[in-house]
Participant: 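Following this message is one structure expressed as structure tokens.
Reminder, nothing fancy here: chain letters follow the sequence lines and each chain counts from 1. Quick note: numbers below take in every heavy atom, side chains included, and nothing from hydrogens, waters or symmetry partners.
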Amino acid sequence: MKRAHRHLAEQIRKALTDLGIAEPRIILEKPRDPEHGDIATNAAMVYCKQLKLAPRKLAEQLTKRLALNPELVQLAGVAGPGFINFRFADAYLQTLVKQILESDEHFGEGKDLAGKKVLIEFVSANPSGPLNVVSARAAAVGDCLVRMFRTLGATCHSEFYVNDAGNQVKLLGDSVRARYETLLGNEIEIPEGGYHGEYIVEFAEQLVDEEGDKYSKLSAEDASNTLGLMAVERHVGMQRNSLERFRVHMDGWFRESQLRESRAEYAALEELKQKGTLYEKDGATFLRTSEFGDTQDWVVITSEGRPTYFLPDIAYHLSKFKRGYDIIIDILGPDHHSYLTKMAAAMRALGRDTEHLEIILLQHITLSRSGEPVKMSKRAGQMIEMNELLDEVGCDAARYFFLLRRTTTQLDFDIELAKKQSDDNPVFYVQYAHARIQSIFRKAEIELKPEKADFSLLNHPEELILLRRLREFEEVISDCVVNRDPHAMTVWLREVAAQFHRFYHHCRVITEPEELSLARLALCRATQTGLKRGLSLCGVNAPEEM
RNA sequence: GAGCCUGUAGCUCAGCUGGAUAGAGCAACGGCCUUCUAAGCCGUAGGUCAUGGGUUCGAAUCCCAUCGGGCUCGCCA
């Protein structure tokens, strides 16, 4: 669907070469003002100095040398400081309908990243409780990126890292045991830094109901260990369920405990030692991260001889490198920004090429109701669970809202707006366009026969604008993947929906003559395919009725 | 003190790998339903792109400084 662009680039390159420019770099862009055309090149401004010509003069000379295929693009003139503008041929745009109908559910698929292996790690919440809304944005963004990478042909693996080892599991076990014993009449305090959530109480109640005082008979340490591991499994299960409900499937659940069983963290430590990047100070072992781009060194083994969390994390990332991915992406919260330089430094210390390691710092969300902020505090246990959000606004609205902003900006999620079934709710606006198209098909008593349709009848300005939008779909996917940010898809969806509504208003679909109806029905189907595919990349349903 | 993100219309934000007269959605105001879903469409109004410098043919976009907002700087995870 880039035939016109390829053709233009080729012609401009040839013209520049003829004028004596060796290996010119051609930039084609979309003019901001559609009046100027569909495609523009700044080639004349870039190369005018080299050829000692005024930019407009060079532009004139270039246009004379272009042998354009009128079925694809037409010259729209030289304008401004020296832009050369082009316009798509109507015939070219009209053939897109046929292409989209033929691609159908594969519309947008490409091969740009064929053969590439990509790993995206996201959410990776601690198994200390159910998922809360803080993880939901990462789930939505991460999953969309996975879908988009795959659409461009990459092999993409989604992964959740489970911190099911170390100190916090002990704290979790102690917290469960405290609740459990208290229920049995033997009051025990929840330890400092322990977990106070209601879900711990529920778990303890369940244990008492089903297994009585079984765990009281164990030593305190054994009971804590056992209960801690049981709680971890329970929470991982809850988290998996929440994610599946959110239409997020993780291909892998990487367990820290397994890393530790194979003593991978010590293997990594040994490797660091061999590279001469470790040193002892005050009884602790430090990694010289400052020599590899960080502002300071970090402890990997405490003076008590325990690994810090950093060491297994290094081992985990080393495993990512060893698994042979071309692109490794971590999606983390903004509070982990120090992690970026820290982990990259550690990988460099191990001689790894960190060009392949990318960390997306996804900014926080705030919740509000009709503009009033909703207070959330992890400490005070006022954290809203992901399931509660899904209960209240549903999966479609939740996923779409989390994609509405760039990953680098904070996002305010208005719960009341997400629930509203009206035009100020962006997800309904787009879904409505899709449903509206379906209702046309319900009404039309003509069978869609694209092979017989005469697409040259689609020459109303609103039809041609709609076609221009649909043509952009592949570019939008590509932009999202390149920028590692799916939000542009929501912008495109809104624009396609808006243009469809405009078309709908100006052009009657079910009409006379029948040839025109057929062509317009085909355009409707193509639009519907675009909306459906775009929504699907966002993980949002495209309803046929609303 | 050091670092990361951010500042564009009344509100929420696009545009940021430099291009032409800075856009959209809400909210406001005025129109459009005997016709395929009015959950829609059309129009009006709304701007010191935080501020000051720099880079160049050209800066909301890149660089520097200043100011405002959010976050982080542990031998916790």
Participant: For A:Arg502 and B:C42, is the shortest distance between a side-chain N/O and OP1 or OP2 below 4.0 Å?
Facilitator: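 Answer is yes, contact under 4.0 Å.
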
Participant: What's the closest nucleotide to the side chain of A:His501 if the choices are B:C5, B:U37, B:G40?
Facilitator: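 Output: B:G40.
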
Participant: What's the closest nucleotide to the side chain of A:Asn126 if the choices are B:A77, B:C75, B:G69?
Facilitator: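 The closest nucleotide is B:A77.
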
Participant: A:Gln431 near the nucleic acid: base, sugar-phosphate alone, or nothing, with a heavy-atom cut-off under 4.0 Å?
Facilitator: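 Nothing, no heavy atom under 4.0 Å.
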
Participant: Given B:C41, B:A39, B:C75, which nucleotide is nearest the side-chain atoms of A:Met546?
Facilitator: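 Output: B:A39.
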
Participant: Where does B:C33 land, syn or anti, given syn is within 90° of 0?
Facilitator: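 Syn, since the glycosidic angle lies within 90° of 0.
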
Participant: Taking atom types as they are modelled, would you say the side chain of A:Tyr309 forms a donor-acceptor pair with the base of B:A77 within the 3.5 Å cutoff?
Facilitator: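 Counting by modelled atom types and ignoring angles, a donor-acceptor contact under 3.5 Å is found here.
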
Participant: Taking the minimum atom-to-atom distance to the side chain of A:Arg32, which one of B:A38, B:A22, B:U72 wins?
Facilitator: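 Nearest to the side chain of A:Arg32 among the choices is B:A22.
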
Participant: What integer number of Å spans the P atoms of B:G53 and B:C71?
Facilitator: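 Here B:G53 and B:C71 have their P atoms 32 Å from each other.
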
Participant: How many angstroms lie between CG in A:Leu62 and CG in A:Leu19, if you round to the nearest 0.5 Å?
Facilitator: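 The distance works out to 6.0 Å.
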
Participant: With heavy atoms under 4.0 Å as the rule, sort A:Asp297 into base, sugar-phosphate or nothing.
Facilitator: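 Here A:Asp297 touches no strand at all.
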
Participant: Applying the side-chain contact (heavy atoms from CB on, under 4.5 Å) criterion to A:Gln438, which one of A:Gln528, A:Glu545, A:Met546 satisfies it?
Facilitator: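 Of the listed options, the one satisfying the test is A:Gln528.
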
Participant: Considering only atom P, compute the distance from B:U66 to B:A28 and round it to an integer number of Å.
Facilitator: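 Straight-line distance between the two P atoms is 43 Å.
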
Participant: Scan A:Phe441 against the nucleic acid and name what it touches under 4.0 Å (heavy atoms): base, sugar-phosphate only, or nothing.
Facilitator: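 Since no nucleic acid heavy atom lies under 4.0 Å of A:Phe441, the category is nothing.
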
Participant: Can you tell me if A:Arg406 touches the phosphate of B:A14, counting only side-chain N or O atoms and a distance under 4.0 Å to OP1 or OP2?
Facilitator: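 The answer is yes; a side-chain N or O of A:Arg406 sits under 4.0 Å from OP1 or OP2.
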
Participant: Report which part of the nucleic acid A:Ile510 touches: base, sugar-phosphate, or nothing (heavy-atom distance under 4.0 Å, all strands).
Facilitator: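 It contacts base atoms.
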
Participant: Could you tell me if the ring centre of A:Phe286 sits under 6.0 Å from that of A:Trp298?
Facilitator: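 Here the rings of A:Trp298 and A:Phe286 have centres that are no less than 6.0 Å from each other.
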
Participant: Can you figure out which of B:A20, B:U37, B:C75 approaches the side chain of A:Ser439 most closely?
Facilitator: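 Of the options given, the side chain of A:Ser439 lies nearest B:U37.
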
Participant: Let's test your reading of the model: under 3.5 Å, does the base of B:C75 pair with the side chain of A:Ser303 as donor and acceptor?
Facilitator: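 Yes.
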
Participant: What contact category does A:Asp414 fall into here, base, sugar-phosphate, or nothing, at under 4.0 angstrom with non-hydrogen atoms?
Facilitator: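 Since no nucleic acid heavy atom lies under 4.0 Å of A:Asp414, the category is nothing.
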
Participant: Within the 4.0 Å heavy-atom criterion, would you say A:Cys507 contacts the bases, only the backbone, or no part of the nucleic acid?
Facilitator: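 Base contact - A:Cys507 has a heavy atom under 4.0 Å of at least one base atom.
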
Participant: Quote, to the nearest angstrom, the C1' distance that separates B:A50 from B:A20.
Facilitator: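 Going atom to atom, C1' in each nucleotide, I get 26 Å.
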
Participant: Are A:Thr408 and B:U6 close enough that a side-chain N or O sits under 4.0 Å from OP1 or OP2?
Facilitator: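 Yes, within the criterion.
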
Participant: Is there a side-chain polar atom (N or O) of A:Arg306 under 4.0 Å from OP1 or OP2 of B:A77?
Facilitator: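 Yes, because at least one side-chain N or O of A:Arg306 sits under 4.0 Å from OP1 or OP2 of B:A77.
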
Participant: Which of the following nucleotides, B:U12, B:U37, B:C4, is nearest to the side chain of A:Arg405?
Facilitator: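 Within the option list, the nearest is B:U12.
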
Participant: When the C1' atoms of B:G74 and B:A2 are compared, how many Å lie between them, rounded to an integer?
Facilitator: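 It comes out at 16 Å once rounded to the nearest Å.
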
Participant: In terms of side-chain heavy atoms of A:Leu361, which of B:C36, B:A14, B:C4 is nearest?
Facilitator: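 Looking only at side-chain atoms, A:Leu361 lies closest to B:C4.
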
Participant: Which nucleotide in the set B:C75, B:U72, B:C57 lies at the smallest distance from any side-chain heavy atom of A:Thr302?
Facilitator: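 Ranking B:C75, B:U72, B:C57 by closest atom to the A:Thr302 side chain puts B:C75 first.
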
Participant: Has A:His364 got a side-chain N or O lying under 4.0 Å from the OP1 or OP2 atom of B:U72?
Facilitator: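 Answer no for this pair, as no side-chain N or O of A:His364 is under 4.0 Å from OP1 or OP2.
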
Participant: Indicate yes or no: at least one non-hydrogen side-chain atom of A:His505 is less than 4.5 angstrom from one of A:His501.
Facilitator: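 The answer is no, as the side chains (C-beta and beyond) never meet within the 4.5 Å cut-off.
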
Participant: When only distance counts, do a donor and an acceptor, one from the side chain of A:Asn42 and one from the base of B:A20, lie under 3.5 Å apart?
Facilitator: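 A donor-acceptor contact between them is absent.
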
Participant: Expressed as a whole number of Å, how far does the C1' atom of B:A24 sit from that of B:C62?
Facilitator: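 That atom pair is separated by 26 Å.
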
Participant: Between B:A14 and B:U56, how far is it from one P atom to the other, in whole Å?
Facilitator: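 Nearest-Å result for B:A14 against B:U56 at atom P: 31 Å.
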
Participant: Under 4.0 angstrom, heavy atoms only, what part of the nucleic acid is A:Ala488 near: base, sugar-phosphate, or nothing?
Facilitator: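 No contact.
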
Participant: From B:C76, B:A14, B:U37, pick the nucleotide closest to the side chain of A:Asn167?
Facilitator: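 Of the options given, the side chain of A:Asn167 lies nearest B:C76.
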
Participant: Can you tell me if A:His505 is stacked onto the base of B:G40, using a 5.5 Å centroid cut-off and an angle below 30°?
Facilitator: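 Check failed, A:His505 does not stack on base of B:G40.
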
Participant: Counting just side-chain N and O atoms, does A:Tyr429 come under 4.0 Å of either OP1 or OP2 of B:A38?
Facilitator: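 No, no such contact exists.
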
Participant: Just the rounded figure in Å: distance from C1' of B:C75 to CD of A:Glu304.
Facilitator: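 It works out to 8 Å between those atoms.
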
Participant: Is the shortest side-chain heavy-atom distance between A:Leu357 and A:Met343 below 4.5 Å?
Facilitator: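 The answer is yes; the side chains approach within 4.5 Å.
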
Participant: Which whole-number value in Å describes the distance from A:Asp294 CG to B:C73 C1'?
Facilitator: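 Distance check: A:Asp294 CG to B:C73 C1' gives 10 Å.
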
Participant: For B:C36, take OP1 and OP2 only and decide whether either is under 4.0 Å from a side-chain N or O of A:Arg508.
Facilitator: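 A:Arg508 to B:C36 OP1/OP2: no side-chain N or O under 4.0 Å.
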
Participant: Are the aromatic rings of A:Phe500 and A:His434 close, with centres under 6.0 Å apart?
Facilitator: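 So the answer is no for these two rings.
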
Participant: Over all strands shown, is A:Pro31 touching base, sugar-phosphate only, or nothing at heavy-atom distances under 4.0 angstrom?
Facilitator: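 Answer is base: heavy atoms of A:Pro31 come under 4.0 Å of a base.
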
Participant: Check every strand shown and say whether A:Lys30 touches a base, only sugar-phosphate, or nothing at a heavy-atom separation below 4.0 Å.
Facilitator: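 The answer is nothing, as A:Lys30 stays clear of every strand by at least 4.0 Å.
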
Participant: So what does A:Thr409 hit on the nucleic acid, given a heavy-atom distance under 4.0 Å: a base, only sugar-phosphate, or nothing?
Facilitator: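 If one applies the 4.0 Å heavy-atom cut-off, A:Thr409 turns out to touch the sugar-phosphate alone, with no base involved.
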
Participant: Would you confirm whether the ring centroid of A:Phe254 sits within less than 6.0 angstrom of the ring centroid of A:Phe160?
Facilitator: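 For A:Phe160 and A:Phe254, the ring centres are not under 6.0 Å apart.
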
Participant: Using the C1' atom in both, what is the distance from B:G18 to B:G58, to the nearest Å?
Facilitator: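 Their C1' atoms lie roughly 8 Å apart.
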
Participant: Which is true for A:Ala433 with a 4.0 Å heavy-atom rule: it touches a base, it touches only sugar-phosphate, or it touches nothing?
Facilitator: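 It contacts nothing in the nucleic acid.
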
Participant: Considering only the C1' atoms, how many Å lie between B:G15 and B:G31, rounded to the nearest integer?
Facilitator: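 These two C1' atoms come out 31 Å apart once rounded.
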
Participant: Is A:Glu463 salt-bridged to A:Arg520, cutoff N-O under 4.0 Å?
Facilitator: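 Salt bridge flag = yes for A:Arg520 with A:Glu463.
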
